[in-house]
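Following: one structure in structure tokens, then a few remarks.
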Amino acid sequence: MSVAGKTIAITGAARGLGQEFARYLARCGADVVLGDLNDCAATLALVEQAGGKGAAVRLDVTDPASARSMVDAAVDRFGRLDGLVNNAALYGALHGGRFDAIDDAEWDACMAVNVKGIWNCCKAAVPAMRQAPVQEAGGGSIVNIASLAATYGMPFGLHYTASKAAVIGITRGLARELGRDRIRVNALAPSAVLTEGTTEFFGDKLDRALQAVKAQQTIQRNLVPGDLTGTVAWLLSGESGFVTGQTIALDGGTVML
Ligand SMILES: NC(=O)c1ccc[n+]([C@@H]2O[C@H](COP(=O)([O-])OP(=O)(O)OC[C@H]3O[C@@H](n4cnc5c(N)ncnc54)[C@H](O)[C@@H]3O)[C@@H](O)[C@H]2O)c1
């Protein structure tokens, strides 16, 4: 599965899944651009320990100029941009609760980061991806991180569920627009993964939530970040070159799409 020599930008790379994607892709030989509101120095150190090269940038996905700066950093440092992993989201910081108790401002923030943030990053990245010097089999690839929240219909976090359903919609619509540019767009829909974000989101209900998630799966264990990395790398590689517009469930067989 070759991502070697590709340059891949990963949003939300300071911790959690984004950090794990960066480390894995670097180990596979990709150059990685690490964007986050928070400092990505720890992720960059992991990338370098894995023998890879990276560039860390401050990124606010809600700001189109900031998204363009991330792409400029990729092109300045590595001369190309082949892939984008839209992973940044408001997740751990959100408050669960009944649909009619969700705070208005929190609803808007969730949509601004989880939905509009992806649009901003795609608008910034696609022109550079069109220019990528070697359009080998597969061409450019965008991987959007959706969620089981959308495919299953998670209750008590309707803003998050709605935002992740929008991610699937963006994936499908954009895949149809960008096929002619040899840029593919796919999404992942993972169930609950053991990350700091999950711990924050579920708080003292974490164990109960993980048990409930597991009970719906045919594979009887909870997901860990390493369960996602191979699929992300495959979607970014030429080996998935005819796969676009798809949402791949990484949920142990909960929702069969
Ligand atoms: N962990 C799970 O169980 C799970 C399950 C399904 C989907 N997901 C999705 O996977 C992705 C990563 O999940 P995680 O658990 O690692 O989340 P996390 O909350 O641990 O990490 C999210 C990262 O995004 C960054 N971020 C937030 N707002 C940003 C902004 N405006 N600009 C740039 N960066 C910003 C944060 O600083 C953080 O580093 C998210 O899209 C999440 O919705 C997670």
Side-chain angles (χ1 to χ4, degrees), residues 9-24 33-44 56-70 84-96 106 108-121 124 142-152 154 157 159-168 170-171 187-203 205-206 209-210 212-214 217 222-229 231-232 247-252 254-255:
I10 304 155
T11 71
R15 70 176 200 176
L17 295 181
Q19 184 173 78
E20 200 57 31
F21 296 151
R23 180 168 41 178
Y24 185 82
V33 178
L34 316 167
D36 203 294
L37 277 180
N38 293 320
D39 188 3
C40 286
T43 306
L44 185 57
V57 296
R58 290 283 179 166
L59 168 72
D60 180 354
V61 297
T62 66
D63 175 4
S66 177
R68 283 194 297 274
S69 296
M70 173 181 69
L84 169 67
V85 182
N86 281 311
N87 166 79
L90 283 187
Y91 167 50
L94 297 176
H95 298 93
E106 189 172 287
D108 291 344
C110 181
M111 296 301 159
V113 177
N114 299 12
V115 183
K116 200 169 177 191
I118 290 186
W119 183 48
N120 287 335
C121 290
I142 297 172
V143 179
N144 297 324
I145 309 301
S147 173
L148 174 75
T151 52
Y152 178 80
M154 186 184 76
H159 46 351
Y160 183 73
T161 298
S163 74
K164 293 299 183 177
V167 173
I168 295 172
I170 288 174
T171 300
L188 296 188
S191 59
V193 193
L194 296 168
T195 64
E196 288 157 286
T198 298
T199 306
E200 289 167 12
F201 184 76
F202 289 109
K205 300 185 185 70
L206 178 66
L210 291 177
V213 167
K214 193 167 70 176
Q217 300 175 183
N222 287 116
L223 235 70
V224 293
D227 290 318
L228 277 62
T229 47
T231 308
V232 170
T247 298
I248 299 181
L250 283 161
D251 64 4
T254 305
V255 176

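Quantities reported herein were computed from a predicted structural model and do not represent experimental measurements. One-based numbering, in listed order, for ligands and for the atoms of each.
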Does some side-chain heavy atom of Thr171 sit less than 4.5 Å from a side-chain heavy atom of Ile142? no
When you compare the side chain of Cys110 with that of Asn114, does any pair of heavy atoms fall below 4.5 Å? yes
In the structure I gave you, are the side-chain heavy atoms of Asp227 and Val193 within less than 4.5 Å of one another anywhere? no
Closest non-hydrogen atom pair between Ile10 and Gly18, with its separation: CG2-O, 3.8 Å
Those residues at least two apart in sequence (or on a different chain) that pass side-chain contact (heavy atoms from CB on, under 4.5 Å) with Thr254 are Leu148, Tyr152, Gln216, Gln217, Asp251
I want to check something: taking the side chain as every heavy atom from C-beta on, are Asn86 and Leu84 in contact at a cut-off of under 4.5 Å? yes
Just the distances, no angles: every ligand 1 N or O to protein N or O pair closer than 3.5 Å, one line each.
from, atom 1, to, atom 2, distance (Å)
ligand 1, 1 (N), Thr195, OG1, 3.2
ligand 1, 1 (N), Thr198, OG1, 3.0
ligand 1, 3 (O), Tyr91, OH, 3.2
ligand 1, 3 (O), Val193, N, 2.6
ligand 1, 3 (O), Val193, O, 3.4
ligand 1, 3 (O), Thr198, OG1, 2.9
ligand 1, 15 (O), Thr195, OG1, 2.7
ligand 1, 16 (O), Leu17, N, 2.8
ligand 1, 19 (O), Arg15, NH2, 3.1
ligand 1, 20 (O), Arg15, NE, 2.8
ligand 1, 20 (O), Arg15, NH2, 3.2
ligand 1, 31 (N), Asp60, OD1, 3.0
ligand 1, 32 (N), Leu59, O, 3.3
ligand 1, 32 (N), Val61, N, 3.0
ligand 1, 34 (N), Leu37, N, 3.4
ligand 1, 37 (O), Asp36, OD1, 2.6
ligand 1, 37 (O), Asn38, ND2, 3.3
ligand 1, 39 (O), Asp36, OD1, 3.4
ligand 1, 39 (O), Asp36, OD2, 2.6
ligand 1, 41 (O), Asn87, O, 2.7
ligand 1, 41 (O), Lys164, NZ, 2.9
ligand 1, 43 (O), Tyr160, OH, 2.6
ligand 1, 43 (O), Lys164, NZ, 3.0

